[in-house]
Amino acid sequence: MDFPGCASVRRANGTAFRLRETEFNSSSDLDDNLLLLLEEWSLTPSGTNTKMFLISPVVCLVAGVLIIPTILFVIFSRFKIRQETRYMLLGNALLSDLIYLLFYTLSAALNAAHLHLPKEACVLLLFLLAAAYCGGLFTAVAIVLDTYIAVLFPLRYIAILPPSRAKKLLVLLWMCSAAFPGIFFLVLWTTHSFVPCVLEMCSVPVILILTLNRTDAVKLCFWLSTTVIILCLTVIFCCYAILYFKTKHSGIWGSICSRASVTFVMHNTVLFFYFFPLLALFVESFLCVNVFIRLQTGILVSLTVCNVLMILPKVLFPFLYGLRYREISASLKSMVRRKQLRPVPPVPPPS
């Protein structure tokens, strides 16, 4: 794999980082300076010592692989459970999270091992990551809307969201999850906003830092993405606010330890971890690109957000959300109990 721009940068002197960062802050030749700064980031000790950021994705992947497939098996192996809309949405969210954990850990491991992917493979990997993350994000909003309809319209709930309509909703969610990042990637590709060295590294945090806000078209996609996230947060906040004011006199909020209060806190904790890292990442990328913070600081912050804060909800979701469903927890307990009570074959008598 030959990247002439990257090869010429590798011959640059890594000790001139501060000087070139100053040039980056004042020069109009953005692409050349991005190539220089990117390579010098990988040459400095702080750039090469990023393997510690691999710990969080690996630990979260192990935890996710242990619990998410088990819950998915319970949902899809029982006909009664998989016919309910809330369990379909839960299974879809867990599947999206598992896909994201697998591909992001793969990307982080390849980057930590300094193994470079072809440009097309890197773009495909980034697209799958974006689609999986959008799938989890949109499904989280759909779960809140499902709860809203189930609580406020219990008698009409089955008519509003029957299993057949819920399946169509899942297809629509995946179509939106693929179309939303697809448009963004198409804009990046047609405007040549991907820097070759960035695609060679295929590091999500670095790409977010060095790609956003490079052209007017990318800026438009950037602000559209921010608008969609804020819109999703607004929908979630409005649904929960209406639910609270409609049900505050029903007695379910009587105690801070009531099931409704605990569930409300857990749901909001998971949703906070879903949306806050994205907003923090957008703000940090905006500050870095507009030279309010140094590039090296921006990449470190971006690594922390991507490898820790954006990974955490993928593991918290099945524990704080999925296991609180009585049917799922009861099915898991029965599976464990059945395994423990498995009869032992009698020992044959001595001949």
Side-chain angles (χ1 to χ4, degrees), residues 85-94 96-97 100 130 132-154 156-157 160-161 165-166 169-170 172-174 176-177 179-181 184 221-286 305-306 308-325:
T85 303
R86 54 177 176 168
Y87 293 123
M88 290 185 192
L89 293 174
L90 175 63
N92 191 67
L94 292 175
S96 301
D97 291 347
Y100 183 85
Y133 198 91
C134 289
L137 210 63
F138 294 154
T139 306
V141 178
I143 289 175
V144 175
L145 292 174
D146 175 71
T147 304
Y148 176 85
I149 296 172
V151 173
L152 295 186
F153 308 100
R156 298 171 53 194
Y157 175 74
I160 297 174
L161 279 178
R165 190 169 295 172
L169 176 62
L170 293 181
L172 178 63
L173 287 175
W174 277 109
C176 294
S177 301
F180 187 69
F184 189 78
C221 290
F222 174 84
W223 290 113
L224 285 177
S225 302
T226 306
T227 304
V228 170
I229 293 173
I230 294 175
L231 181 62
C232 291
L233 281 174
T234 304
V235 170
I236 291 173
F237 175 78
C238 291
C239 287
Y240 274 133
I242 294 173
L243 281 176
Y244 175 76
F245 286 110
K246 291 282 187 179
T247 60
K248 67 178 181 178
H249 299 298
S250 62
I252 62 175
W253 306 97
S255 172
I256 195 173
C257 297
S258 65
R259 183 174 179 84
S261 300
V262 174
T263 303
F264 179 78
V265 171
M266 287 188 174
H267 288 189
N268 281 276
T269 301
V270 173
L271 291 171
F272 173 81
F273 277 110
Y274 260 109
F275 287 94
F276 174 75
L278 283 178
L279 294 176
L281 194 62
F282 283 156
V283 171
E284 177 265 333
S285 301
F286 177 81
V305 172
C306 291
V308 180
L309 296 181
M310 293 181 71
I311 293 291
L312 277 179
K314 311 300 181 184
V315 180
L316 291 175
F317 188 80
F319 289 100
L320 296 182
Y321 200 100
L323 295 180
R324 283 190 59 80
Y325 283 109

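All values below come from the heavy atoms of this structure, side chains included, with hydrogens, waters and symmetry mates left out. One-based numbering along the sequence shown. What you see is a predicted model; the values in this text were computed from it and never measured.
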query: Backbone N or O of Ile160 within a donor-acceptor pair of the Arg165 side chain at under 3.5 Å?
result: yes
field: Closest heavy-atom pair and its distance - Phe138, Ser177
entry: CD1-OG, 3.6 Å
field: Closest heavy-atom pair and its distance - Pro318, Leu94
entry: CB-CD2, 3.8 Å
task: List the steps, then state whether side-chain hydrogen bond (donor to acceptor under 3.5 Å, both in side chains) holds for Thr139 with Asn92.
output: CA-CA 7 Å; Thr139 306; Asn92 191 67; 2.8 Å; yes
- line: Here the pair of heavy atoms bringing Gly136 nearest to Ser96 is N-CB, 3.6 Å
message: Quick check for you: to the nearest 0.5 Å, what is the distance between Phe153 atom CZ and Leu161 atom CG?
response: 11.5 Å
statement: Rounded to the nearest 0.5 angstrom, the CZ-SG distance for Phe237 and Cys232 is 15.5 Å
- request: Would you check, one step at a time, whether the test side chain to side chain contact (heavy atoms under 4.5 Å, CB included) holds for Asp97 with Val315?
  value: CA-CA 8 Å; Asp97 291 347; Val315 180; over 6 Å; no
task: Start with the C-alpha gap between Val144 and Val235, add the side-chain angles, then the distance that decides, and say whether side chain to side chain contact (heavy atoms under 4.5 Å, CB included) holds.
output: CA-CA 9 Å; Val144 175; Val235 170; over 6 Å; no
field: Interatomic distance, Leu316 atom CG to Ile311 atom CD1 [nearest 0.5 angstrom]
entry: 11.5 Å
query: About how many Å separate CD1 of Ile143 and SG of Cys239, when rounded to the nearest 0.5 Å?
result: 13.0 Å
query: In this structure, are over 12 heavy atoms from other groups packed under 6.0 Å from Phe276 atom CZ?
result: no
- prompt: Closest approach of Phe180 and Cys134, non-hydrogen atoms and distance?
  reply: CD2-SG, 3.8 Å
query: To the nearest 0.5 Å, what is the distance between CG (Leu231) and CG (Leu224)?
result: 11.5 Å
- request: Mind checking the CD1-OH spacing from Ile242 to Tyr148? Nearest 0.5 Å is all I need.
  value: 4.0 Å
